[in-house]
Peer 1: 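Supplied in structure tokens, the structure appears directly below.
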Amino acid sequence: MRKKVTSKEQILEAAMEIAVQEGVDHVSIRKLARACDIGVGSMYNYYPDKESLISAVAEQFWDTILSDQEKVYRRGMGFTGFLEQYYGFLYGRLSDYDKSWLAQMNGRTKRKEAVSLLRRVLEEDPKVNPSIWNMELNQDAFAEYVFVNLMALLQAGENNCRFFIFLLEHLLYDV
């Protein structure tokens, strides 16, 4: 039996249920209004459009997925060692969900936090050859590149990123 939902938090919770069960691409204002037992027009009092609803759902999802990402890093583990652990962390957290969630990471606050974490770990790795950095290849662009590729590997369903790490080791270190 559906229960009438009237708070923004309850609506977001109901949207998360739909997104987790059916995939984020299947969340709609109409479906959500039906699940909350309120009129479609009333939904727009809480979320002005589908884009803002999906944005809120994605933000909450990624908050949950990445809530412990900082715990993956331990000082001295090195950038590529961290990447292997971090990929396993992401793969494990996302394995129960539809791949459509990965597309929702673009432009999100959590994406910036994830890239910032990659950048920090990269900077703290004393084994990285500093001569590789220049105007075209800087640490910010590199961290973003690594993140995008990790997301692509996850989207492809790869259970590890060992080949990618192999390539990065040859670029970053005097191997």
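Keep in mind it's a predicted model, so treat the numbers as computed, not measured.
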Peer 1: Measure up the Phe79 and Phe82 rings against each other and bin them: parallel (under 30°), tilted (30 to 60°), perpendicular (over 60°).
Peer 2: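 Aromatic pair Phe79/Phe82 classed tilted.
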Peer 1: With the 4.5 Å side-chain cut-off for hydrophobic clustering, are Val148 and Leu154 part of the same group?
Peer 2: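 Not linked; separate clusters.
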Peer 1: What's the separation between atom CG in Asn160 and atom CD1 in Ile165, rounded to the nearest 0.5 Å?
Peer 2: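 Those atoms lie 8.0 Å apart.
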Peer 1: Is there a path from Leu167 to Trp133 through hydrophobic residues (I, L, V, M, F, W, Y) whose side chains come within less than 4.5 Å of each other?
Peer 2: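 Looking at the clustering, Trp133 is in a separate group from Leu167.
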Peer 1: Output all residues satisfying side chain to side chain contact (heavy atoms under 4.5 Å, CB included) with Tyr97, sequence neighbours left out; order by chain, then residue number.
Peer 2: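 Here the qualifying residues are Val20, Phe61, Ile65, Trp101.
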Peer 1: Any side-chain heavy atom of Arg120 within less than 4.5 Å of one from Tyr73?
Peer 2: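 Side chain of Arg120 against side chain of Tyr73, heavy atoms only: contact under 4.5 Å found.
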Peer 1: Once salt bridge (charged side-chain N to carboxylate O under 4.0 Å, His left out) is applied, do any residues pair with Lys127, and if so which ones, sequence neighbours excluded?
Peer 2: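 By the salt bridge (charged side-chain N to carboxylate O under 4.0 Å, His left out) rule, Lys127 matches no residue at all.
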Peer 1: How long is the straight-line distance from CD of Glu9 back to OH of Tyr46, given to the nearest 0.5 Å?
Peer 2: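 It comes to 10.0 Å.
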Peer 1: Measure up the Phe164 and Tyr145 rings against each other and bin them: parallel (under 30°), tilted (30 to 60°), perpendicular (over 60°).
Peer 2: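 Tilted, since the angle between the ring planes falls between 30° and 60°.
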Peer 1: Output yes when a side-chain donor or acceptor of Asp68 lies under 3.5 Å from a complementary backbone atom of Lys71, and no otherwise.
Peer 2: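 Looks like no, no N/O pair under 3.5 Å.
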Peer 1: CG/Leu83 to CD/Glu169 distance, rounded to the nearest 0.5 angstrom?
Peer 2: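 Those atoms lie 9.5 Å apart.
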Peer 1: With no hydrogens and no angle check, is any side-chain donor or acceptor of Gln10 less than 3.5 Å from a backbone partner on Ser7?
Peer 2: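 Pair found, side chain donor or acceptor close to backbone of Ser7.
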Peer 1: Have a look at Tyr173 and tell me which of Leu168, Ile132, Asp125 forms a side chain to side chain contact (heavy atoms under 4.5 Å, CB included) with it.
Peer 2: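 Between Tyr173 and the candidates, side chain to side chain contact (heavy atoms under 4.5 Å, CB included) is satisfied uniquely by Asp125.
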Peer 1: Checking Leu90 against Leu66 for the side chain to side chain contact (heavy atoms under 4.5 Å, CB included) test, could you report, in this order, the C-alpha distance in whole Å, the side-chain angles of both residues, the deciding distance, and whether it holds?
Peer 2: CA-CA 8 Å; Leu90 290 173; Leu66 297 177; 3.5 Å; yes
Peer 1: When rounded to the nearest 0.5 angstrom, what is the spacing between CD1 in Ile38 and CD1 in Ile11?
Peer 2: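 The CD1 atom of Ile38 sits 4.0 Å away from the CD1 atom of Ile11.
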Peer 1: Hey, does the side chain of Lys31 reach the backbone of His26 with a donor-acceptor pair shorter than 3.5 angstrom?
Peer 2: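 Yes, the answer is positive, given that a donor and an acceptor are paired below the 3.5 Å cut-off.
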Peer 1: First locate atom CD of Glu13, then atom CD1 of Ile18, and finally report the distance between them rounded to the nearest 0.5 Å.
Peer 2: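 Output value for this atom pair is 11.5 Å.
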